[in-house]
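Naming: A, B, ... by sequence-line order, numbering from 1 per chain. Scope of the values below: all heavy atoms of this structure, side chains included, with no hydrogens, waters or symmetry mates.
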Amino acid sequence: MSEHDTDGTARYDVQAAEEKWQRVWAELDPFRADDDSPREKRYALTMFPYPSGDLHMGHAEVTALHDVVARHWWQRGYEVLNPMGWDSFGLPAENAAIRNDAHPADYTYGNIATQLASFQRYGVAVDWSRRFNTSDPSYYRWTQWLFLQLHAQGLAYRKNSAVNWCPHDQTVLANEQVVDGACERCGAEVTKRELTQWYFRTTAYAQELLDSLDDLQPTWSDKVVNAQRNWIGRSEGAHVDFPVAGREEPITVYTTRPDTLFGATFMVVAADAALAAELVTEEQRGALEDYLVEVRKESDISRLSTERPKTGVFLGVHATNPLTGTALPVYAADYVLADYGTGAIMAVPGQDQRDWDFAAAFDLPVVRTVQPPEDFDGEAFTGDGPAINSANDEIDLSGMGVTEAKSTTIAYLERQGLGRGTVNFRLRDWLLSRQRYWGAPIPIIHCPVDGEVPVPEDQLPVELPELRGADLKPKGTSPLGAATEWVNVTCPTCGGPATRDTDTMDTFVDSSWYFLRYLSPQDDTQAFDKGLADAWGPIDLYVGGDEHAVLHLLYARFFTKALRDIGLVSWDEPFSSYLSQGKVVNNGRKMSKSLGNGVSLGEQLSEFGVDAVRLTLVFASPPEDDIDWADVSPGGSARFLQRAWRLSGDVTSPAGTDPGGGDTALRRQTHKTVREAEQLIASHRFNVVVARTMELVNATRKAIDSGVGPADPAVREATETVAVLLSLVAPYTAEEMWERLGHEPTVARVPWPDVDEALLVEDSVTAVVQVQGKVRARLEVAPDVSEADLEAAALADPGVQRALEGKQVRKVIVRAPKLVNVVAG
RNA sequence: GCGCCCGUAGCCCAACAGGCAGAGGCACCAGGUUUAGGUCCUGGACAGUGCGAGUUCGACUCUCGCCGGGCGCACCA
């Protein structure tokens, strides 16, 4: 390999460089975060991986993007915490263990070792000394401890209700894990089961989770903020009480349309709600039970269909419309949900299509209370319009619009004690127990005398019993139940015989606080150190995929708020800014085994080198957009990197040369590029940073070959700047360049170049002169040219004069120093 | 059905706060280098910004409507 490569064919040995720098980095450990550093602290985090096999393109993309910022922050003088660990509890390991008659830990820890090696090859700027796995007892001990803290606050509780059941995985699921009626993980059709399960009281934070989204909006992706708003689903309405003859308790309904109360002609109670069973008369009880059998056969998927005809059964009782005094028949039906609102509705067929459909099926009366427009030919009218048929002796809504009628009705109901304005949320409590093995056991003991007894803190962790292979086969109850010796314990309170809770926690519990554990991963005296949390947190940048928009990101937000109220952290939100990275697809489709279109990360790395793959992922598109591997060119990236590297061999001035006397044009471009890169990184436009770096490489090449020549100090400055810029994306190439330029490693920790503001000011700029919006002249002018001078120069220009011939100048718009527009006619 | 986001050369994408539509790359074409291929160097062609209005001296950029695509919610009363 020659020292000077003006023939343009020299290249560095990519594989040798990878091996070499991995050794150097291991020794220098340049990304170790020092808790005691006097530098300002930044916390940068990517969603930690689940150890299923080796790393794939998705991991490569998220870490490449994230590394740009983490490395940039180091160079800008921050102390950066960029940790990584493994989200290592979960079903794939358990399923593999069943298949292979093995223990889930075998699969899990084997894959973790593989992924760790791949990450190190990939050259991520991570502090590996802080790694841990959520399946380590030293971690889940604290998951259990945190569960108990929430339990003590009443934020973790058990209740019996109809829950989502995945028949394939044989476990219950949280609402968030059901997508279009199917299991988010395996795709099986979800059914309902009546079970007693553990919940976190996420609904206690519904309003705050919603309100804080306003603060997050500027620094989170719209997509995720919007998804969470929809998921929380706040609505405003009223609770209205409908008296029932012969029953003390009224039926309370939730409605968002209290203005239509005069039009309520019947009532519907969720068939599976306790209320239905309470209300039903003896004569109708058989009918209700038959109906329930039918309803429970229905899967969620068919329940979701809006086309489905309305069904229901009369409960044999009547309630009274509090405004009209009319007796309303009460039905049970499955189109009303037991766990939303009060599980009962007032049916207003005139203004609600679902109620209309039911009324049509059961031949019930319709009263319109909003006047539809003349050309309205639909059935229920849900739009705005003047109220009609809405008056009694005490209240008259006639002619009011919907908004006014609502508030008038609510005020009246409140005065009369018949109801009250209220807010309702779609968000449900988080169902956290799972009937599977490979998770953190719920640290509760059930005692026939003392009930639910928390496992004393000094007995944590409640370690998993040793089960493997066929013992783990899903059978609808937790495999832990089979470990008799483990299950049977003495009650910590009374010393009598008791049993352990045999469910494990949803793995999303593990990931709801892992970012706190990185602060003191080896601490065996506490879950995390509050002082360190204050020093480092909250997380300045979180990068991940938006498949977790309403899962992990919402749960972690809930956890943070709950821990704050317990006094464990002082943050309101865990992630100050969130960048959601797109997916890597191939030929327009998601990569998958069944489509046979998967691209192996390992093969790409071997063929093109780590840097080329990283550069490709960063350059391909804005970070939020998907990347189609069929559209990109890792070969082109590899060629560019060699081209950039070649500059470092051409530079002939010695290291330490003062760039002051160098070529001004190249220096200006160098300094502009640095300034622009700062701004582009801050706004996450990493693809443009790469494009600007390419421009600087091109300009430097030109300067060497056909400009000021390789000895000009500006050429060294530009080349060193290229090395620093490239270190964000292509660390191996950058190290090679840096070394060849006569510097010590590592370029990753050199200070970010200072921008010489004086160089950013141009000597002259090109002003465009337009006549009627068309460009007629270009003038070289001083950047500080006055508007008057520029206007005079523009009007004096021969090209402009020609364009103005025979025309009256009506107006001249001057935007010095860039533009003059002459309006004429 | 309700809501959010996005439509710029063949493709991926730039365009600061309304001011010359093109920065970068892929692919393509031509020339040079080379025994040849690849590499490397030089040059070139290709869109008027999804469609239609409006505001403006001036619109890729702002507003409205439509079309197309992505995402979220959806029998949530």
Distance, rounded to the nearest Å, where [X] contributes [atom1] and [N] contributes [atom2]:
{"X": "A/Leu210", "N": "B/G3", "atom1": "CG", "atom2": "P", "answer": "17 Å"}
{"X": "A/Arg639", "N": "B/G38", "atom1": "CZ", "atom2": "P", "answer": "11 Å"}
{"X": "A/Glu624", "N": "B/C13", "atom1": "CD", "atom2": "P", "answer": "11 Å"}
{"X": "A/Leu579", "N": "B/C5", "atom1": "CG", "atom2": "C1'", "answer": "16 Å"}
{"X": "A/Leu696", "N": "B/A23", "atom1": "CG", "atom2": "P", "answer": "17 Å"}
{"X": "A/Arg257", "N": "B/C75", "atom1": "CZ", "atom2": "P", "answer": "19 Å"}
{"X": "A/Ile345", "N": "B/A77", "atom1": "CD1", "atom2": "P", "answer": "11 Å"}

Identify the nucleotide, in any strand shown, that forms a Watson-Crick or G-U wobble pair with [N], with both distances under 3.5 Å; if there is none, say none.
{"N": "B/U8", "value": "none"}
{"N": "B/C2", "value": "B/G72"}
{"N": "B/G54", "value": "B/C62"}

Original post:
Taking the same atom, C1', in B/U49 and in B/A14, what whole-Å distance lies between them?
Top reply: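 To the nearest whole Å, 13 Å.
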Subject >> Whole-Å P distance, B/A21 and B/A59 >> reply: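 It works out to 10 Å between them.
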Original post:
Are the charged groups of A/Arg257 and A/Asp352 less than 4.0 angstrom apart, N to O?
Top reply: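 Looking at A/Arg257 and A/Asp352, the cut-off is not met.
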**OP:** Please determine if A/Asp241 and A/Arg420 form a salt bridge, counting it only when a charged side-chain N lies under 4.0 Å from a carboxylate O.
**Re:** yes
Side-chain N or O of [X] less than 4.0 angstrom from OP1 or OP2 on [N]?
{"X": "A/Arg308", "N": "B/C75", "answer": "no"}
{"X": "A/Lys811", "N": "B/C57", "answer": "yes"}
{"X": "A/Tyr340", "N": "B/A77", "answer": "yes"}

**OP:** Scan A/Asp339 against the nucleic acid and name what it touches under 4.0 Å (heavy atoms): base, sugar-phosphate only, or nothing.
**Re:** nothing
Subject >> Proximity to RNA chain B (any heavy atom under 4.0 Å), residues of residues 227-237 of chain A only >> reply: A/Ala227, A/Asn230, A/Trp231, A/Ser235
Original post:
Which residues satisfy the side-chain hydrogen bond (donor to acceptor under 3.5 Å, both in side chains) test with A/Gln642, sequence neighbours excluded?
Top reply: none
Distances under 3.5 Å between nitrogen or oxygen atoms of protein and nucleotides 14-21 of chain B:
{"unit_1": "B/A14", "atom_1": "OP1", "unit_2": "A/Asn687", "atom_2": "ND2", "d": "3.4"}
{"unit_1": "B/A15", "atom_1": "OP1", "unit_2": "A/Arg685", "atom_2": "NH1", "d": "2.4"}
{"unit_1": "B/C16", "atom_1": "N4", "unit_2": "A/Lys818", "atom_2": "NZ", "d": "2.7"}
{"unit_1": "B/G19", "atom_1": "O6", "unit_2": "A/Arg815", "atom_2": "NE", "d": "3.2"}
{"unit_1": "B/G19", "atom_1": "O6", "unit_2": "A/Arg815", "atom_2": "NH2", "d": "3.4"}
{"unit_1": "B/G19", "atom_1": "N2", "unit_2": "A/Asn821", "atom_2": "ND2", "d": "3.2"}
{"unit_1": "B/C20", "atom_1": "O2", "unit_2": "A/Arg778", "atom_2": "NH1", "d": "2.1"}
{"unit_1": "B/C20", "atom_1": "O2", "unit_2": "A/Arg778", "atom_2": "NH2", "d": "2.7"}
{"unit_1": "B/C20", "atom_1": "N3", "unit_2": "A/Arg778", "atom_2": "NH1", "d": "2.6"}

Original post:
Quick one: do the A/Gln604 and A/Trp629 side chains pair a donor with an acceptor below 3.5 Å?
Top reply: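 Yes, a side-chain donor-acceptor pair sits under 3.5 Å.
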Original post:
For A/Ser637 and A/Thr616, does a side-chain donor sit closer than 3.5 Å to a side-chain acceptor?
Top reply: yes
**OP:** Please say which of A/Thr369, A/Thr260, A/Thr382 ends up in a side chain to side chain donor-acceptor pair (under 3.5 Å) with A/Gln351.
**Re:**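 So the option named by the test is A/Thr369.
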**OP:** Locate the shortest heavy-atom distance separating A/Asp650 from A/Pro710; write the atom from each residue and the value.
**Re:**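 For A/Asp650 and A/Pro710, the tightest heavy-atom pair comes out as O-CB, 3.1 Å.
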Original post:
For the residue pair A/Tyr340 and A/Tyr254, does the interplanar ring angle fall in the parallel (under 30°), tilted (30 to 60°) or perpendicular (over 60°) class?
Top reply: perpendicular
Subject >> Syn/anti state for B/G68 [syn: chi within 90° of 0] >> reply: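 What B/G68 shows is an anti base, its glycosidic angle lying more than 90° from 0.
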